[in-house]
Every structure is written in C-alpha cells, then in structure tokens.
Number of protein chains: 2
Amino acid sequence: MGRPRTALIDRQRITTEALRQVDGTGGFSVPEIARRLGVRTGSIYHHVDGREGIVELLRERVCEAIDASMLGTLPWDEALPAWARSYRAAFAAHPRVIPLLLASPVRAPRVLAQYEAVVGVLLGAGFRVGEVMRVIVALENVVLGAALEGAGPEGMWELGEEGGRVPGLVRALEAEPEGRAEAAFELALGACVRGFRELLLP
Amino acid sequence: MGRPRTALIDRQRITTEALRQVDGTGGFSVPEIARRLGVRTGSIYHHVDGREGIVELLRERVCEAIDASMLGTLPWDEALPAWARSYRAAFAAHPRVIPLLLASPVRAPRVLAQYEAVVGVLLGAGFRVGEVMRVIVALENVVLGAALEGAGPEGMWELGEEGGRVPGLVRALEAEPEGRAEAAFELALGACVRGFRELLLP
DNA sequence: ACCTGAACACCGTTCAAGT
DNA sequence: ACCTGAACACCGTTCAAGT
C-alpha cells in the first residue's frame, strides 16, 4: 500500500482512543488502538514515542482541562484552592488514568509550566524556597486522592463477600451522602490551606 | 519430573521475589518470578491466583508492617496520626508498589480489618457515620501521597533537559531540605487532624 | 513522511501428563 | 497436591519494502 496521500491517523486520534480505553477498562494497548483506528499496529509508532509516549499524551490531554489563569491574579490563598479545584475536576473526569501517570515522572511541558507558575505564586506570597515543594506536594496529594475516589463504584473499596467481616466499614460506606468525594476534598483542602498559612507566620 | 516430595516454592517466596522486582524496576512478571525461583512459569499458578493474586499478596506483605495496636487504646486524635505514621512508613519502604495497588480495589482481609478498626475509633469519638469515610479517605490521601515521594530520585519530578524551562521549579527542588517527605507529611497530617476535629464541634 | 507485513522477544494463562 | 512441557492468544517494538 505505501504512504497514503494524507495521514490516516494522528496523535490526537491516538490519544482520544487511548483515553477511551483507559476510561472503560483501566488500561490500553497499542494493538487495540491500532485496530480501532483501522490501521496496523506498527503505524502507531510513526506518530508516537511508544507506549510511554502515549501515557505522556494522556497526561497532557487530561491536564489541558486545568484552568491555571488565577495563578497570576488572585492572592495565594484564593489562587491555590481555585487551582486545586480545577485540577481535581480534570482528573475526576478520568480517574483511571491516575495510576498510569503515577508510574512515570512528569515530563509534559504544559504540566511543568503550571507547577512553575505555582512555585511563583508561593514565592511571591512569602513562602521560603525550601518549603515550596512541601506545600505543592501536600496539595497535590489531596487533589489526586480526591480524584481517585471516582475510579471504582464506591471508591477504592469494592466489597464483595468480604463485606461480612467488616460490618462497620460497610455501614460507613452506605451512610455516605451523595457528594462525598466533593465534601472530602473540600475538607482536606481547607484544612491544608489553613496549615500552609501558619508557615507564613513569623 | 512430576510432583516433588516437598513443594519447591510457596506463596511467601513468590511474594518476596515479586516485591524485589517491583522495588527494583517498578513492575514484575510471572515468568521472571519463575525464572528467579528456578521453576517453570506454570508452577506459579499452583500457589497463587494469577497476577492479580500476586498484587494482593504484595498489598498484604507491605501492610504487615503497619502497626494498628494504638487504635484500641489511644484517644482518636492521637491514635489516628500514630496509625497514619506507621502506615506511611510501611509504604515509604516500598513506594513503587503503590501505583500497582491503586489499580485494584482492596480485598486483603488484614487490610480491611484495619479500616474496620479505624471506623470503630471514629464512631467512638463521635463522628457521624456519614462522615467517617470522608475522614478516612482524606487521611489516606496524605499517607499514600507522602509515601509516593520516595518513588523517584527527587520525588515525582525527574527533570532532564526540560529543567531549563522551569527554573523556579528547579530552584524549589534544589532548596528542599533532606527530610522533605517527612516534613511535608507532618504538615498535611497535622492540618487534617485539626480539620477533622472541627467536624466534632456542635 | 507514513503505511503494510512480517518478524522478534516477551507476557499471562491453561492444561494434560507425570509423580 | 505440585511440577513440567507445550500450547494459546496477546503484547510492545522494529524494520525493510513500498508509495
């Protein structure tokens, strides 16, 4: 067949299909992407830097939805929670990609640029350089943890027959109100920001 | 050859070898475990419920190191942070297993029993049933997030040439004191416990 | 530059055959 | 019960050959 006049696939379509698979099954495979796009497995490698490259594309795709515009305008203790909420919403829309992303370090320039902006906000607010990463990581934990909850039917606890041994846990899971993820997130977020503020005191 | 007089391998040795591989490379494979134990791939399946079963064994192995004894004795606001510290230490010793565990829901009875105990502590302290999971999940986010930091050379940010574009991030990473993970964890942990306490007010 | 077709080494899983 | 050997379907990656 040889090279077609116009490319049959592109990075965008590869990313979309990979995300579709991850949302549905928690994983993806290169041959399966190729099949769905009506192309041979090898063709994928003309557009993408292997499987790891696709993971990085997924990271970029999910992170595109994060709004970071407030980082330059609002004061730090409003900008940080606002950014965190947008961050969480982006990942909550695709919670099953998170384990995938944790396996490899962040390389996507777009994502690194956001962290760079957050560093700027914190330094501008008066946080010491040596404390900045501590604050960022703490915030990120809360954000990703909250997003992860959407990964399973009732979060990370999918109790089958084992439920009989843990009646209290079952009760607690059943008693949860609808918007648990949201409420848990706001609880931890608020607590952390107040904790950060104490670092600024002389 | 047929069945040997005494079994050549057991679940314990399979788990130890799998953990060794995960600590070293971030992943494991059934054939590689078999090779290292001097046995054929198929033999593994006589002792273990497939690859997923091995993941669950890893969860149990890592969680064995968690001390939950304080859950029955100390008041909630001392028991919870003490449990969280032990929890974190156990995972910080093997940070690369965490992404593996996130992919599948918790089934290990030993682990579920600990959560059951925490539920009991919180109910006993006066938290409402509907709030218990919120508190537990928030705490767990902090714990696992802090443990994850040990996965890479300098946490999740392994900057190569991309470092030139994010000077502030590089500066912040370099300025971090030695015990960052520990300090970040204590910061978030303290803030969260104080946040939880406010839920108890009338 | 971009697709095919074919190849390679690897993986997870199963199962009859042996003791 | 537990090991082997062989098989199966699948995966990630590479690459010459074609346009």
Side-chain angles (χ1 to χ4, degrees), chain A residues 1-59 61 96-97 99-105 107, chain B residues 1-59 61 96-97 99-105 107:
Chain A
M1 184 209 251
R3 176 191 181 210
R5 288 143 79 280
T6 135
L8 297 182
I9 57 175
D10 53 27
R11 291 157 70 89
Q12 204 185 17
R13 264 184 293 202
I14 292 171
T15 309
T16 300
E17 174 54 27
L19 185 55
R20 209 190 58 78
Q21 287 179 30
V22 173
D23 282 343
T25 71
F28 75 92
S29 96
V30 180
E32 185 61 23
I33 292 174
R35 271 189 291 274
R36 282 227 127 223
L37 296 184
V39 105
R40 294 296 175 150
T41 302
S43 310
I44 303 288
Y45 290 82
H46 289 291
H47 298 85
V48 142
D49 188 16
R51 198 193 145 80
E52 275 205 15
I54 298 179
V55 169
E56 219 47 38
L57 286 174
L58 286 174
R59 195 195 303 273
R61 170 68 64 87
R96 304 185 80 165
V97 306
L100 245 43
L101 303 188
L102 287 180
S104 60
R107 290 190 198 289
Chain B
M1 187 211 246
R3 176 191 181 208
R5 291 143 79 277
T6 136
L8 296 182
I9 57 174
D10 53 27
R11 291 158 70 88
Q12 204 185 17
R13 264 183 291 201
I14 291 171
T15 310
T16 301
E17 174 54 27
L19 185 55
R20 209 190 57 78
Q21 286 179 31
V22 173
D23 283 342
T25 71
F28 75 91
S29 97
V30 180
E32 184 60 25
I33 292 175
R35 272 190 290 275
R36 281 225 125 226
L37 296 183
V39 106
R40 292 297 173 150
T41 302
S43 310
I44 302 287
Y45 289 80
H46 290 291
H47 297 85
V48 143
D49 188 15
R51 197 192 147 81
E52 275 206 15
I54 298 178
V55 170
E56 220 47 38
L57 286 174
L58 286 174
R59 196 195 303 274
R61 170 68 63 87
R96 305 184 79 166
V97 306
L100 246 43
L101 303 188
L102 287 181
S104 60
R107 291 190 197 289

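Because only heavy atoms are used, hydrogens play no part in the values below, and waters and symmetry mates are left out as well, while side chains stay in. Numbers restart at 1 for each chain; the letters A, B, ... are given by sequence-line order, proteins then strands.
- The shortest side-chain heavy-atom distance between Arg59(B) and Val97(B) does not fall under the 4.5 Å cut-off.
- Proximity of His47(B) to the phosphate of dC3(D): a side-chain N or O atom is located under 4.0 Å from OP1 or OP2.
- Taking the side chain as every heavy atom from C-beta outward, Asp10(B) and Arg13(B) approach each other to under 4.5 Å.
- The distance from atom CD1 of Ile44(B) to atom C1' of dT13(C) is 13 Å, rounded to the nearest whole Å.
- For Arg35(B), the CZ atom is densely surrounded, since the number of other residues' heavy atoms within 6.0 Å is greater than 12.
- Rounded to a whole Å, the CD1 atom of Ile14(A) is 11 Å from the P atom of dC2(C).
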Measure all distances between protein nitrogen or oxygen atoms and nitrogen or oxygen atoms of nucleotides 16-19 of chain C, and list the pairs falling under 3.5 Å.
| residue | atom | partner | partner atom | Å |
| --- | --- | --- | --- | --- |
| dG18(C) | N2 | Arg3(B) | N | 2.4 |

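- Put simply, CZ on Phe28(A) is 10 Å from C1' on dG12(D), counting in whole angstrom units.
- Residue Arg51(B) has no polar side-chain atom (N or O) positioned under 4.0 Å from OP1 or OP2 of dC10(D).
- Between Arg11(B) atom CZ and dA1(D) atom P there is a gap of 15 Å when expressed in whole angstrom units.
- Val30(A) has its side chain out of reach of Val48(A): every pair of non-hydrogen atoms, C-beta onward, lies at least 4.5 Å apart.
- No hydrogens or angles considered: nothing links the side chains of Arg96(A) and Thr25(A) as a donor-acceptor pair under 3.5 Å.
- The distance from atom OH of Tyr45(B) to atom P of dC3(D) is 15 Å, rounded to the nearest whole Å.
- Between the side chain of Arg36(A) and the backbone N or O of Ala18(A), no donor-acceptor pair lies under 3.5 Å.
- Using Watson-Crick or G-U wobble geometry with both donor-acceptor distances under 3.5 Å, dC2(C) finds its partner in dG18(D).
- Straight-line distance from the CD1 atom of Ile9(A) to the P atom of dC2(C): 10 Å, rounded to whole Å.
- Residues Ile44(B) and Ile9(B) are in side-chain contact: their nearest non-hydrogen atoms beyond the backbone lie under 4.5 Å apart.
- Atom CG in Asp49(B) sits about 13 Å away from atom C1' in dT14(C), given to the nearest Å.
- The local environment of CG in Asp49(A) is sparse, with at most 12 non-hydrogen atoms from other residues, nucleotides or ligands closer than 6.0 Å.
- Nucleotide dC10(D) forms no Watson-Crick or G-U wobble pair with any nucleotide shown, as no partner meets the under 3.5 Å limit on both distances.
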Dump the pairs, protein N or O against N or O of nucleotides 5-8 of chain D, anything under 3.5 Å, distances to one decimal.
| residue | atom | partner | partner atom | Å |
| --- | --- | --- | --- | --- |
| dG5(D) | OP2 | Arg40(B) | NE | 3.2 |
| dG5(D) | OP2 | Arg40(B) | NH2 | 3.1 |

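- Figure legend: Arg51(A) and Phe28(A) shown as a cation-pi pair, the cationic atom lying under 6.0 angstrom from the six-membered ring centre and within 45 degrees of its axis.
- Remark: P of dT14(C) and CD of Glu52(B) are 12 Å apart, rounded to the nearest angstrom.
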